[in-house]
Colleague: 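Below: one structure in structure tokens.
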Amino acid sequence: MIKDSRNKTIFRILKLAKPHKVLFTGFILCIIFTAFLDSLGTYITKSIIDEGILAGSLEQVIYFCKLYGLTYLINSLSFFGFIYCAGRLAEQIQYDLREKLFNHIQELSFSFFDKSSSGWLLSRITSDTTKIADLVSWMLLDSVWGFFNITISLIFMAKINLKLAGIMALILPALVFTAFKFKTHILGEYRKVRSINSKITAAYNENFTGVKIVKALTREKQNLRNFGGLTGDMYNTSFRAAWLSALFLPAVQLIITFALGAILWFGGFQIQLGEMTIGGLRAFIGYITFMLWPIQELARVFSEMQQSIAGAERVFGLLDTESEIQDKKGAEDEASFQGEIEFKDVVFHYKEDNPILSEFNLQINPGETIAIVGPTGGGKTTIASLISRYYEPVSGRILIDGRDYRDYTQKALQGRIGVVLQKPHLFSGTIRENIEYGKPGATEDEIVYAAKTAHSYGMITGLPNGWDELVGEEGTLLSQGQKQLISLTRAILASPDILIMDEATSSIDTLTEKNIQQGIAALLAGRTSIIIAHRLSTIKDADRILVVQDGKITESGTHAGLLKEKGHYYGLYTSQFRKERTATIGLLD
């Protein structure tokens, strides 16, 4: 079963070359032609010795030397051909795979990214695709070249002397077996070395970054013992790898020496009997030494191929992963919403034994601003994620403007829903490029209008490079408040019909928040908005505040109304208000 799976993977890998069959065919033909010319060149040396030097014919020596030179000139062109084709093929396959993977990953539902780390995905797109491309190009090159070098050499050897070729054919399996056995074990040890090295690097990093905890808990001796164990394993494994590597070449050379001895001994008799020439024996020895490199390369490629196949299985597994959320047939590609949202008996869970929402019902009117508060894990963010269709209900329905939101494609739906997060993500580039991300191709007037509406215009124009200020990777060159203002500007430029703000000001200081609140007010104007907040002072003006606990709405009303009820919201607000007041007068750090 495993073998069938591996064969299918190899076949699928080779199919990647199908769109580039001209390159692939040229690549294979050049390799075979090069292998033939290599063997032909050795055979010509036989003719130089036998028909030229030993026969005392200068004319024949000159003729065969010219032929030898022409052979290797053509061989050089053929060599260039397959190297060029292999390089082009590797790059084309990497390009195709990475583009296919990137497009496929973009189509996957949000739940997939909850289960997959970015490092895991990057590894599939970078190192694994490289290994696959190498297998189709360079590893295949070495395999085909090695196979045909050995095969064509044996044919020429049989042409020179069939009996000696038979002896070589008997010795060859022992040589191949030894090479493959050694290479497999050596590769296995070096894999262990790389694995242990990763652990050592992690240990270095953890001890350096966590030095305060190490010192506080006096963990130095224990950490040293653990680190000593890792370095000891590294030493032993590296020693075994070095020992096997040192033993490999002598073992192969011993078999080659035995083969050469047998050929020289038996070849001498053949020369005495007149069944072989000196040039033929010289060519035979050349073919034997000529086979040594291809056999070693085949052994190396065989070992490394296992890693490439493993990488291919991971890549194909990712490509075969289907999105948990699929657009239904006939779903509309365009959408425009008034903003009425209704949850009807919605049931949802991430894990079957842990329900988040049970028979959940909620009606949101067009243009209404709803604030959702409650304890962590109560279901606030889940409600927002369901509206955005990052997830779908297990049962029940979500209606927008009276229609099931599955009547629209994900792209159409999510294109009309804006999301502003607690930690806004900015892309490497300039402020202008990040704002334009909300509406590609936006005019200068539209961008300036969005910035003025979000109250970010003064901040942006006050920067040294203004709109062309670089934000750094993930916005690291800007403050949290600046990033949030740019995120709000981007959302205003996109002009969504429905807006979701998930704790958009929770990590911003109070002074900065006052400036950002003006941008938020402009963003909320005239559109249905759902605000998830821990800082309750930011939602006092919401049309309706919902307290969500254990997947249920336990309280609903205005800020003033909920305070009068003196329920859960009243407790949250008064507790938070006391902390803020205490911090203001300096009684808390």
Side-chain angles (χ1 to χ4, degrees), residues 106 118 336 339 367 369 371 381 384 388 411 414-535 537-542 580:
Q106 299 239 85
S118 57
S336 180
T369 297
T381 300
S388 300
K411 186 177 179 181
Q414 292 162 359
R416 302 312 308 150
I417 298 176
V419 180
V420 181
L421 300 172
Q422 175 184 358
K423 293 183 178 179
H425 183 88
L426 298 186
F427 299 91
S428 297
T430 65
I431 288 176
R432 181 190 301 277
E433 288 167 345
N434 272 278
I435 293 173
E436 284 180 337
Y437 203 85
K439 185 181 178 182
T443 65
E444 184 72 17
D445 289 343
E446 287 175 322
I447 294 170
V448 170
Y449 174 79
K452 287 181 176 178
T453 305
H455 294 269
S456 65
Y457 183 80
M459 179 273 291
I460 294 169
T461 54
L463 292 170
N465 298 308
W467 299 96
D468 296 320
E469 185 78 18
L470 293 172
V471 303
E473 188 176 353
E474 296 187 8
T476 51
L477 299 179
L478 302 178
S479 70
Q480 187 68 20
Q482 288 172 322
K483 288 192 285 186
Q484 196 62 269
L485 281 170
I486 292 169
S487 177
L488 289 169
T489 307
R490 182 168 60 194
I492 289 174
L493 184 64
S495 189
D497 297 327
I498 298 168
L499 179 68
I500 297 171
M501 300 187 70
D502 192 349
E503 301 180 27
T505 60
S506 64
S507 58
I508 298 171
D509 62 86
T510 307
L511 184 62
T512 304
E513 183 186 353
K514 288 180 180 179
N515 296 326
I516 290 177
Q517 283 299 331
Q518 298 177 67
I520 291 174
L523 189 56
L524 299 181
R527 54 174 55 90
T528 302
S529 308
I530 297 94
I531 303 173
I532 298 170
H534 280 306
R535 189 177 288 176
S537 59
T538 64
I539 58 170
K540 291 187 293 185
D541 297 328
E580 289 177 358

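Both backbone and side-chain heavy atoms feed into the values below; hydrogens, waters and symmetry mates do not. Each residue takes its place number in the sequence, starting with 1.
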Colleague: Could you go through Leu499 and Ile530, starting from their C-alpha distance and side-chain angles, then the distance that decides it, and tell me whether this counts as side chain to side chain contact (heavy atoms under 4.5 Å, CB included)?
Modeller: CA-CA 6 Å; Leu499 179 68; Ile530 297 94; over 6 Å; no
Colleague: More than 12 foreign heavy atoms under 6.0 Å from CG of Asp468: is that the case here?
Modeller: yes
Colleague: Which value, rounded to the nearest 0.5 Å, describes the distance between Met459 atom CE and Leu485 atom CG?
Modeller: 5.0 Å
Colleague: Closer than 4.0 angstrom, basic N to acidic O: yes or no for Glu444 and Arg432?
Modeller: yes
Colleague: Would you list the pairs meeting salt bridge (charged side-chain N to carboxylate O under 4.0 Å, His left out) in which at least one residue belongs to residues 446-466, sequence neighbours left out?
Modeller: Lys439-Glu446
Colleague: Using every non-hydrogen atom in the two residues, find where Val471 and Phe427 come nearest and quote the distance to one decimal.
Modeller: CG2-O, 3.2 Å
Colleague: Taking the side chain as everything from C-beta on, heavy atoms only, tell me whether Glu469 gets closer than 4.5 Å to Pro464.
Modeller: yes
Colleague: Could you tell me whether a side-chain N or O of Arg416 sits under 3.5 Å from a main-chain N or O of Ser495, the two making a donor and an acceptor?
Modeller: yes
Colleague: Check whether any side-chain N or O of Gln484 sits under 3.5 Å from a backbone N or O of Gln480 as a donor-acceptor pair, and report yes or no.
Modeller: no
Colleague: Given 3.5 Å as the limit, does a donor-acceptor pair link the side chain of Ser487 with the main chain of Lys483, or not?
Modeller: no
Colleague: From Ile498 CD1 over to Ile417 CD1, what is the distance, rounded to the nearest 0.5 angstrom?
Modeller: 5.0 Å
Colleague: Before we go on, tell me: are the rings of Tyr457 and His455 under 6.0 Å apart, centre to centre?
Modeller: no
Colleague: Restricting to non-hydrogen atoms, name the atom on Ile435 and the atom on Trp467 that form the minimum distance, rounded to 0.1 Å.
Modeller: CD1-CZ3, 3.8 Å
Colleague: For the backbone of Gly441 and the side chain of Glu436, can you confirm whether one donor and one acceptor N or O come within less than 3.5 Å of each other?
Modeller: no
Colleague: Backbone N or O of Ala451 within a donor-acceptor pair of the Ser456 side chain at under 3.5 Å?
Modeller: yes
Colleague: Of the non-hydrogen atoms in Gly466 and Ile431, which two are nearest, and what is the gap between them?
Modeller: O-CD1, 4.0 Å
Colleague: Quick check: closest heavy atoms across Pro496 and Gly418, and the distance to 0.1 Å?
Modeller: CB-N, 3.3 Å
Colleague: Would you mind reporting whether Tyr449 and Thr489 have side-chain heavy atoms less than 4.5 Å apart?
Modeller: no
Colleague: If you compare all heavy atoms of His425 against all heavy atoms of Arg490, which two are closest, and at what distance to 0.1 Å?
Modeller: O-NH2, 2.9 Å
Colleague: How close do Gly429 and Glu433 get, counting heavy atoms only, and between which atoms?
Modeller: CA-OE1, 3.3 Å
Colleague: Would you compute the distance between atom CD of Gln482 and atom CG of Leu463 and round it to the nearest 0.5 angstrom?
Modeller: 5.5 Å
Colleague: Out of curiosity, Ile447 CD1 to Ile460 CD1, how far, rounded to the nearest 0.5 Å?
Modeller: 9.5 Å
Colleague: For the side chain of Thr528 and the backbone of Gly367, is there at least one donor-acceptor N/O pair under 3.5 Å apart?
Modeller: yes
Colleague: Under the side chain to side chain contact (heavy atoms under 4.5 Å, CB included) criterion, do Val420 and Leu488 qualify, and how do the steps go?
Modeller: CA-CA 7 Å; Val420 181; Leu488 289 169; 4.1 Å; yes
